[in-house]
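In what follows, a single structure is set out as structure tokens and then discussed.
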Number of protein chains: 2
Amino acid sequence: MDTAERLVTSAQELLWERGYVGTSPKAIQERAGAGQGSMYHHFRGKPDLALTAMRRSARELRAQAEEQLGREGTALERVGGYLGREREPLRGCRVGRMAMDPEVIASDELRAPVRETFAWLAERVAGIVADGIAAGELRPGLDPADTAAAITAVVQGGYVLARAAGDREPFDRAVRGALGLLAAAATGEAPHGA
Amino acid sequence: MDTAERLVTSAQELLWERGYVGTSPKAIQERAGAGQGSMYHHFRGKPDLALTAMRRSARELRAQAEEQLGREGTALERVGGYLGREREPLRGCRVGRMAMDPEVIASDELRAPVRETFAWLAERVAGIVADGIAAGELRPGLDPADTAAAITAVVQGGYVLARAAGDREPFDRAVRGALGLLAAAATGEAPHGA
DNA sequence: GTCTATACGCTGATAGAC
DNA sequence: GTCTATCAGCGTATAGAC
């Protein structure tokens, strides 16, 4: 792995662990085993490197989500796969965490990868919920966009609860709770249609 | 309002806006209109002042939540009141935000108010869900603790979605989505019992 | 490409005068 | 109680040698 690459992956790790305001160029350089000069040769500065790192984390997260959401199966199975996939709740979400950073939120450019990730996710999940309704699997009274937002929020909020507790259990509870509510919104009939 | 008081409220505001790592003693002093000497006379340092500020924010948040959760009414009305109360989603949660701060999480003392707030909230909501089940208002299949965690997580996650989008709409969607799922888990019968 | 040198304001304090 | 002075180290670079 070359120097530029090590700088990006080190920045990804530190942004995940400490956020943007909590991460210094110096700390990134040290973790990457690179000097000052190297970093400023490959990147214009902290915002430039952070943006590169955030774009990559966003892409990776989206791929992980798509792995569950794009499976074969019923809507409940696909959403359940997304909710229940293996995570490390105490680490938080590497993309969602950026939404709490004041300097990321203050910059349209830095915020863009975060915005796009959640816009994509919300739409992807809403489509699956809509499919589930169309297939007769979920109650027609559900609003797909609202339900998708709630599902997405449960995951992000689960991280907050787990980190607050210092224990992953609240995250797992929140996921089970969401699955329980979705089960209550299932019609109990076998899905039909394409 | 005396100087010590102004320091605490300024710290509360800045911690809400910028988190712990993003907030400097100097910034707090400036907002409070106090000098260095004043701050170090009244508090031992940044962690001491921040802890005082966080304890107060936690107490205030709990009182706001109790205002909705402690109302008269059915379980759905009380939980709905909590979910739907007026908020400013783009500002985030002043207590939940601290869970994403690396230095708060690294310190048991600083994390304590955050931990206690969400432990209380989860238990409070779980009790109301359990009441709703006992009253025949909610399906007996729901797990009160899991459902309460999901409800709490929807609010915290809603903040993340709203800030990521730069728009309160995703928060409102998540809340409506959660209410829609709870409605699906309602029995449709009038609550009975005490 | 990477290194060292230099810069300047900020961070988080302590000391002592008033 | 509040003020000013002082401090070592960090944050975020830029310049120029190699």
Side-chain angles (χ1 to χ4, degrees), chain A residues 1-56 97-98 100-111, chain B residues 1-56 97-98 100-111:
Chain A
M1 201 160 59
D2 69 8
T3 302
E5 195 58 27
R6 286 201 317 278
L7 284 164
V8 174
T9 57
S10 297
Q12 285 185 279
E13 289 171 16
L14 280 160
L15 289 172
W16 193 353
E17 292 165 21
R18 305 190 44 86
Y20 184 86
V21 294
T23 297
S24 68
K26 189 182 184 189
I28 298 171
Q29 293 150 24
E30 273 165 10
R31 187 168 299 200
Q36 295 268 103
S38 270
M39 188 192 117
Y40 285 99
H41 172 75
H42 292 288
F43 301 94
R44 275 185 304 265
K46 174 177 167 177
D48 184 32
L49 172 50
L51 187 53
T52 303
M54 286 169 59
R55 284 182 175 145
R56 184 175 303 180
R97 156 192 253 303
M98 297 301 129
M100 287 300 132
D101 195 291
E103 302 197 7
V104 170
I105 289 306
S107 155
D108 281 348
E109 208 179 357
L110 287 176
R111 185 168 54 81
Chain B
M1 200 161 57
D2 68 7
T3 301
E5 196 57 27
R6 286 202 316 278
L7 283 164
V8 173
T9 57
S10 298
Q12 285 184 280
E13 290 170 16
L14 280 161
L15 289 172
W16 192 354
E17 292 166 22
R18 306 191 42 87
Y20 184 87
V21 295
T23 297
S24 69
K26 189 183 184 186
I28 297 171
Q29 292 151 24
E30 274 165 9
R31 187 168 297 201
Q36 296 268 104
S38 269
M39 187 192 119
Y40 286 98
H41 172 74
H42 291 289
F43 301 94
R44 275 184 304 266
K46 174 177 167 176
D48 184 33
L49 172 50
L51 187 53
T52 302
M54 287 170 57
R55 283 183 176 143
R56 184 175 303 179
R97 157 193 253 302
M98 296 300 128
M100 287 300 134
D101 194 291
E103 300 197 8
V104 170
I105 290 306
S107 155
D108 281 348
E109 208 179 359
L110 287 177
R111 184 166 56 79

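Residue numbers begin at 1 in each chain, while the letters A, B, ... track the order of the sequences.
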### Contacts of type side chain to side chain donor-acceptor pair (under 3.5 Å), residue B:Glu17, not counting sequence neighbours
B:Arg31

### Query
Sub-3.5 Å donor-acceptor pair from the side chain of B:Thr9 to the main-chain atoms of B:Arg6, do we have one?
yes

### Task
Please name all residues satisfying side-chain contact (heavy atoms from CB on, under 4.5 Å) with A:Glu109, sequence neighbours left out, ordered by chain then number.
A:Leu51, A:Ser107

### Query
Atom CE in B:Met100, atom CD1 in B:Ile105: separation rounded to 0.5 Å?
7.5 Å

### Summary
The side-chain contact (heavy atoms from CB on, under 4.5 Å) partners of B:Pro102 (sequence neighbours excluded) come to A:Arg18, A:Arg97, B:Val21

Identify each donor-acceptor pair in which a side-chain atom of residues 33-42 of chain A lies under 3.5 Å from a protein atom, sequence neighbours left out, and give them as a table.
residue, atom, partner, partner atom, Å
A:Gln36, OE1, A:Gln29, NE2, 3.2

### Message
Can you list everything that forms a side-chain contact (heavy atoms from CB on, under 4.5 Å) with A:Phe43? Sequence neighbours excluded, please.
### Response
A:Leu7, A:Val8, A:Asp48, A:Leu49, A:Thr52

### Residues in contact with DNA chain D, drawn from residues 3-15 of chain A - heavy-atom cutoff 4.0 Å
none

### All side chain to side chain donor-acceptor pair (under 3.5 Å) counterparts of A:Arg56, not counting sequence neighbours
A:Glu5

### Query
Can you tell me how far CG of B:Leu15 sits from CE of B:Met98, rounded to the nearest 0.5 angstrom?
4.5 Å

### Query
Is there a residue in residues 36-50 of chain A whose heavy atoms reach under 4.0 Å of DNA chain C, and which residues are they?
A:Gly37, A:Ser38, A:His41, A:His42

### Task
Name all residues meeting the side chain to side chain donor-acceptor pair (under 3.5 Å) criterion together with A:Gln12; count only those two or more places apart in sequence or in a different chain, and write none if there are none.
A:Ser57, A:Glu60

### Query
Which pair of non-hydrogen atoms, one from A:Lys46 and one from A:Tyr20, has the smallest distance, and what is that distance?
NZ-O, 2.9 Å

### Message
Expected output is a numbered-order residue list: members of residues 19-34 of chain B with a heavy atom under 4.0 Å from any atom of DNA chain D. What is it?
### Response
none

### Message
Please identify the 5'-most and 3'-most nucleotides of DNA chain C with any atom under 4.0 angstrom from a heavy atom of chain B.
### Response
C:dC10 to C:dT14

### Residues that A:Arg111 engages under side chain to side chain donor-acceptor pair (under 3.5 Å), provided they are two or more places apart
A:Asp108

